[in-house]
Peer 1: 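Have a look at this one.
Only a predicted model underlies this, so the values are computations on that prediction, with no experimental measurement involved. Each residue takes its place number in the sequence, starting with 1.
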Amino acid sequence: MKKILNNKEILLILLVLSFFLSILLLTPISGDDWGNYLVSIVGPDKWINHVIWAYNNFEGRILSRLVINVLTANKIVWDIFQAGLITILYIVTIKIINPKHKMMINVLYLLSFLLVSRDMFTQTYLWMAGSITYFIPLVLTVIYMFLLDIRLLKNKSNYLIVILSVIISSIVPLFVENMGVVIVFMNIVLFLLMLYKNKRIDYLLLICSILSLLSFVLMVTSPGSSNRMMGDHMAFDQLPIYMKMIHQLPEFIFYTFTNNDMLLFMFPISTMYLINKHIKNKLKIVLTVFSVLPFVILLTKVYNYNIIEYLSTTSPYLFFIYWVLYMLMVTYLLFKNSKKDYKVLFLFALAFVSNGAMLIAPVWGDRTALFTTFILLVVNLSIIDELLTKIHYKKQILLLSSSMLLIVATINLGYYINIHEQVKYRGVIIKQQLDIGADEILINEIPSDALWCINPTSTYHMETFKQYYHIPLTRTVTILKKEE
């Protein structure tokens, strides 16, 4: 019987699980989770009632709100759950890529996963509410892609695949809006493609399409979603759709293309390889030069000259046209490279659906771009795996990549050990001041890049922070800056 995983892969999986579990155990709850905790500790009746209240008054994200209410008061359970999700995502993604150079792609995947933007790392890996809202649907969608890979490309199916496909299609749209668009788009497009290819109806895809669409409609038509839009983003909501899209172009460029350093590094490598492989005329030189700009952008970021901000604000349309042409070029190259297997090309197109949906949304953030960033990393890793067959120095590259991974992981672990000590100290000094009846509670400032809203600065966060730490609402809380 063929082994599913070899010993090296099992060791890597255990290391990934242990590393992220350690990081998660070292981080406290923060930001919105202080308020979520107050709901979570009350019990099931409050969980359900709060979901109903949120649906009618604040948001249509039924499932993410329910999971937040259940898990926030059970931090250790969530830590184990989240570490498991991260590990499952790693395993399933490698299965989807199905690399020839397994160890190299494993290492590059983990390095890329750790080197996403700092805000994406803290908002979707570590912050409870952000992870539940954005990371869980990412994992479920990638699992669904793996099931589709088995069923549609390998022509294998069983009851478990059918059941999981129906469940995932039904629940993902109830977590967050842009992932709802992704799952609906994927189901409908694949249903139409299978209908065209096989000249018959794929009933499972039809059912999944209908269920995902119904769930998505249930979420976006909630009274809470409408109330929140009219209350917080009325001016944006009243714009015509084309004006919303024009207004959000700089955000689309930033969060899709230029915010992630690993993508800026990997895209030119992948693209130049495909150009060299498929373009045989004089156009090769022009396209190669055209594909190098991400490297230039990356260098300007290293040297703190923010050419991205300058170009995206002064010439957003020119910058947008460049990236449109770049992506069209990559689409053509992936099509040429597909060899009748269009999986990578489909993933590439799917990556833009999530951020494309955000063009008509009022608020962007690193967490909203998680799916797009992740899938583009997967596409690049798939191409790099092919490129590695042409390279003679694979052992040296593996050694270098493994060393970088070890350094990055060690830095992160050391950093969060330090953050854990700072959070413990914060708790101690709060208790000491409460014991002596101080009217003003002084708390230490913790580095803001450690976790989303780790320091309570807004009115809502300050109020829930006080309740979480049992500080009377009448007391003043002052955050001491480092220099103080």
Peer 1: Minimum heavy-atom separation for Ile201 and Phe191, please, with both atom names.
Peer 2: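 Result for this residue pair: CG2-CE1, 3.7 Å.
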
Peer 1: Tell me, with the steps shown, if Thr256 and Asn355 meet side chain to side chain donor-acceptor pair (under 3.5 Å).
Peer 2: CA-CA 7 Å; Thr256 305; Asn355 273 8; 2.8 Å; yes

Peer 1: Let's go through Asp366 and Thr124 carefully: what are the C-alpha distance in whole Å and the side-chain angles of both, what is the deciding distance for side-chain contact (heavy atoms from CB on, under 4.5 Å) to 0.1 Å, and is it a yes or a no?
Peer 2: CA-CA 8 Å; Asp366 290 80; Thr124 64; over 6 Å; no

Peer 1: Between Lys156 (side chain) and Leu153 (backbone), is there a donor-acceptor pair under 3.5 Å?
Peer 2: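 Checked: no pair found.
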
Peer 1: Would you sort out whether Lys46 and Asn69 count as a side chain to side chain donor-acceptor pair (under 3.5 Å), showing the intermediate values?
Peer 2: CA-CA 8 Å; Lys46 180 66 174 178; Asn69 290 347; over 6 Å; no

Peer 1: Against the six-membered ring of Trp452, is Arg367 placed for a cation-pi contact (under 6.0 Å from the centre, within 45° of the normal)?
Peer 2: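 Checked: cation-pi criterion met.
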
Peer 1: Quick one: pull up CD1 in Ile183 and CE in Met179 and give me the separation to the nearest 0.5 Å.
Peer 2: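 Ile183 CD1 to Met179 CE: 6.5 Å, rounded to 0.5 Å.
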
Peer 1: Do side-chain atoms of Thr373 reach the backbone of Leu370 as a donor and acceptor pair under 3.5 angstrom?
Peer 2: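 It does not hold such a pair.
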
Peer 1: Should we count CD1 of Ile241 as having more than 12 external heavy atoms under 6.0 Å?
Peer 2: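 No, not enclosed.
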
Peer 1: So that I know where these two stand, are Tyr90 and Phe113 an aromatic pair - ring centroids less than 6.0 Å apart?
Peer 2: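 No, the ring centres sit 6.0 Å or more apart.
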
Peer 1: Does Lys199 make a cation-pi contact with Tyr196 (under 6.0 Å, within 45 degrees of the axis)?
Peer 2: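 Yes; both conditions hold, so Lys199 lies above the ring face of Tyr196.
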
Peer 1: Parallel under 30°, tilted from 30 to 60°, perpendicular over 60°: which one fits the rings of Tyr255 and Trp364?
Peer 2: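 Answer is parallel, since the angle falls under 30°.
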
Peer 1: More than 12 heavy atoms of other residues, nucleotides or ligands under 6.0 Å from NZ of Lys154: yes or no?
Peer 2: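 Yes - once you tally the heavy atoms of other residues, nucleotides and ligands closer than 6.0 Å, there are more than 12.
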
Peer 1: Give the ring-plane orientation class for Phe352 versus Phe348, where under 30° counts as parallel, over 60° as perpendicular and anything between as tilted.
Peer 2: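 Correct class here is perpendicular.
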
Peer 1: Is it true that atom CZ of Phe290 has more than 12 heavy atoms of other residues, nucleotides or ligands lying nearer than 6.0 Å?
Peer 2: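 Yes, CZ of Phe290 has more than 12 neighbouring heavy atoms, counting only those of other groups under 6.0 Å.
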
Peer 1: Does Ser354 reach the main-chain N or O of Ala351 with its side chain, forming a donor-acceptor pair under 3.5 Å?
Peer 2: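 Not confirmed, Ser354 side chain does not pair with Ala351 backbone.
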
Peer 1: Does the pair Glu386 and Tyr273 meet the rule for a side chain to side chain donor-acceptor pair (under 3.5 Å), with working shown?
Peer 2: CA-CA 9 Å; Glu386 182 181 330; Tyr273 163 70; 2.7 Å; yes

Peer 1: Can you tell if the side chain of Pro137 reaches within under 4.5 Å of the side chain of Phe371, non-hydrogen atoms only?
Peer 2: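 The answer is no, as the side chains (C-beta and beyond) never meet within the 4.5 Å cut-off.
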
Peer 1: More than 12 non-hydrogen atoms from neighbouring residues, nucleotides or ligands closer than 6.0 Å to NZ on Lys390, yes or no?
Peer 2: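 No.
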
Peer 1: Is a side-chain N or O of Gln82 found less than 3.5 angstrom from the main chain of Tyr125, in a donor-acceptor match?
Peer 2: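 Yes, because the side chain of Gln82 sits within donor-acceptor range (under 3.5 Å) of the backbone of Tyr125.
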
Peer 1: Is it the case that atom NZ in Lys75 sees more than 12 heavy atoms from other parts of the structure closer than 6.0 Å?
Peer 2: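 Yes - once you tally the heavy atoms of other residues, nucleotides and ligands closer than 6.0 Å, there are more than 12.
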
Peer 1: Which distance, rounded to the nearest 0.5 Å, do you find between the CG of Asp79 and the CG of Leu25?
Peer 2: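 Result: 4.5 Å between the selected atoms.
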
Peer 1: Can you check whether Cys453 reaches Asp32 side chain to side chain, under 4.5 Å on heavy atoms?
Peer 2: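 No, every pair of side-chain atoms sits at 4.5 Å or beyond.
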
Peer 1: Measure the CG-CG distance between Leu26 and Leu451 for me, rounded to the nearest 0.5 Å.
Peer 2: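 The CG atom of Leu26 sits 11.5 Å away from the CG atom of Leu451.
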
Peer 1: Start with the C-alpha distance between Glu59 and Val176, add both sets of side-chain angles, then the distance that settles side-chain contact (heavy atoms from CB on, under 4.5 Å), and finish with yes or no.
Peer 2: CA-CA 10 Å; Glu59 64 182 8; Val176 67; over 6 Å; no

Peer 1: Look only at the side chain of Thr464 and the backbone of His461, and say whether a donor-acceptor pair between them is shorter than 3.5 Å.
Peer 2: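 Indeed, once roles are kept as given, a pair shorter than 3.5 Å links the two residues.
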
Peer 1: So Phe121 and Tyr416, would you call those rings parallel, tilted or perpendicular, with 30° and 60° as cut-offs?
Peer 2: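 Parallel.
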
Peer 1: Atom CD1 of Ile168 and atom CG of Leu147: how far apart are they, to the nearest 0.5 Å?
Peer 2: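 Those atoms lie 5.5 Å apart.
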
Peer 1: From Tyr55 OH over to Leu66 CG, what is the distance, rounded to the nearest 0.5 angstrom?
Peer 2: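 Here the rounded value is 14.5 Å.
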
Peer 1: Just checking Met404: does its CE atom have more than 12 heavy atoms from other residues, nucleotides or ligands closer to it than 6.0 angstrom?
Peer 2: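 Not more than 12 within 6.0 Å, no.
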
Peer 1: Compute the ring centroids of Phe346 and Tyr342, then answer whether they are less than 6.0 Å apart.
Peer 2: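 No: the rings miss the under 6.0 Å criterion.
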
Peer 1: Could you tell me whether the side chain of Phe374 reaches within less than 4.5 Å of the side chain of Leu89, counting heavy atoms only?
Peer 2: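 Yes, at least one pair of side-chain atoms sits under 4.5 Å.
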
Peer 1: Using a cut-off of 6.0 Å, state whether more than 12 heavy atoms not belonging to Phe335 lie near its atom CZ.
Peer 2: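 Count not over threshold, so no.
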
Peer 1: Please say whether more than 12 non-hydrogen atoms of neighbouring residues, nucleotides or ligands are located less than 6.0 Å from NZ in Lys394.
Peer 2: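 Atom NZ in Lys394 is packed in, count exceeds 12.
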
Peer 1: List the steps and the verdict of side-chain contact (heavy atoms from CB on, under 4.5 Å) for Ser22 and Leu413.
Peer 2: CA-CA 8 Å; Ser22 300; Leu413 186 58; 4.1 Å; yes

Peer 1: So, are Asp202 and Arg151 salt-bridged, with charged N and O less than 4.0 Å apart?
Peer 2: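 Arg151 and Asp202: salt-bridged.
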
Peer 1: With side chain to side chain donor-acceptor pair (under 3.5 Å) as the test, would you mind laying out the steps for Asn187 and Ser212 before giving the verdict?
Peer 2: CA-CA 8 Å; Asn187 278 327; Ser212 59; 3.3 Å; yes

Peer 1: Rounded to the nearest 0.5 Å, how far does CE of Met120 lie from CG of Asn259?
Peer 2: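 CE of Met120 is found 6.5 Å from CG of Asn259.
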
Peer 1: Just checking, is any N or O donor in the side chain of Thr271 or Tyr326 under 3.5 Å from an acceptor N or O on the other one?
Peer 2: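 A donor-acceptor contact under 3.5 Å links the two side chains.
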
Peer 1: Do side-chain atoms of Asp33 reach the backbone of Ala129 as a donor and acceptor pair under 3.5 angstrom?
Peer 2: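 Yes, the answer is positive, given that a donor and an acceptor are paired below the 3.5 Å cut-off.
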
Peer 1: Keeping Asn106 on the side-chain end and Lys102 on the backbone end, is there a donor-acceptor pair under 3.5 Å?
Peer 2: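 Here the side-chain-to-backbone pair exists.
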
Peer 1: Spell out, as yes or no, whether a donor-acceptor pair under 3.5 Å connects the side chain of Ser270 to the backbone of Met266.
Peer 2: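 It does hold such a pair.
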
Peer 1: Less than 4.5 Å apart, side chain to side chain, heavy atoms only: is that true for Phe20 and Val16?
Peer 2: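 The answer is yes, as the side chains (C-beta and beyond) meet within the 4.5 Å cut-off.
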
Peer 1: Step by step, work out the side-chain contact (heavy atoms from CB on, under 4.5 Å) result for Thr27 and Thr122.
Peer 2: CA-CA 10 Å; Thr27 55; Thr122 59; over 6 Å; no

Peer 1: Parallel, tilted or perpendicular, judged at 30° and 60°: which one describes the rings of Phe257 and Trp323?
Peer 2: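 Geometry flag for Trp323 against Phe257: parallel rings.
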
Peer 1: Below 4.5 Å, heavy atoms only, C-beta onward: do Leu71 and Asn36 meet side chain to side chain?
Peer 2: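 With C-beta onward as the side chain, the pair stays apart.
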
Peer 1: Would a distance-only check, ignoring hydrogens and angles, find a side-chain to backbone donor-acceptor pair under 3.5 Å from Lys284 to His278?
Peer 2: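 No, because the side chain of Lys284 does not come within donor-acceptor range (under 3.5 Å) of the backbone of His278.
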
Peer 1: Okay, side chain of Asp385, backbone of Lys100: is any donor-acceptor separation there less than 3.5 Å?
Peer 2: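 Such a contact is found between Asp385 side chain and Lys100 backbone.
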
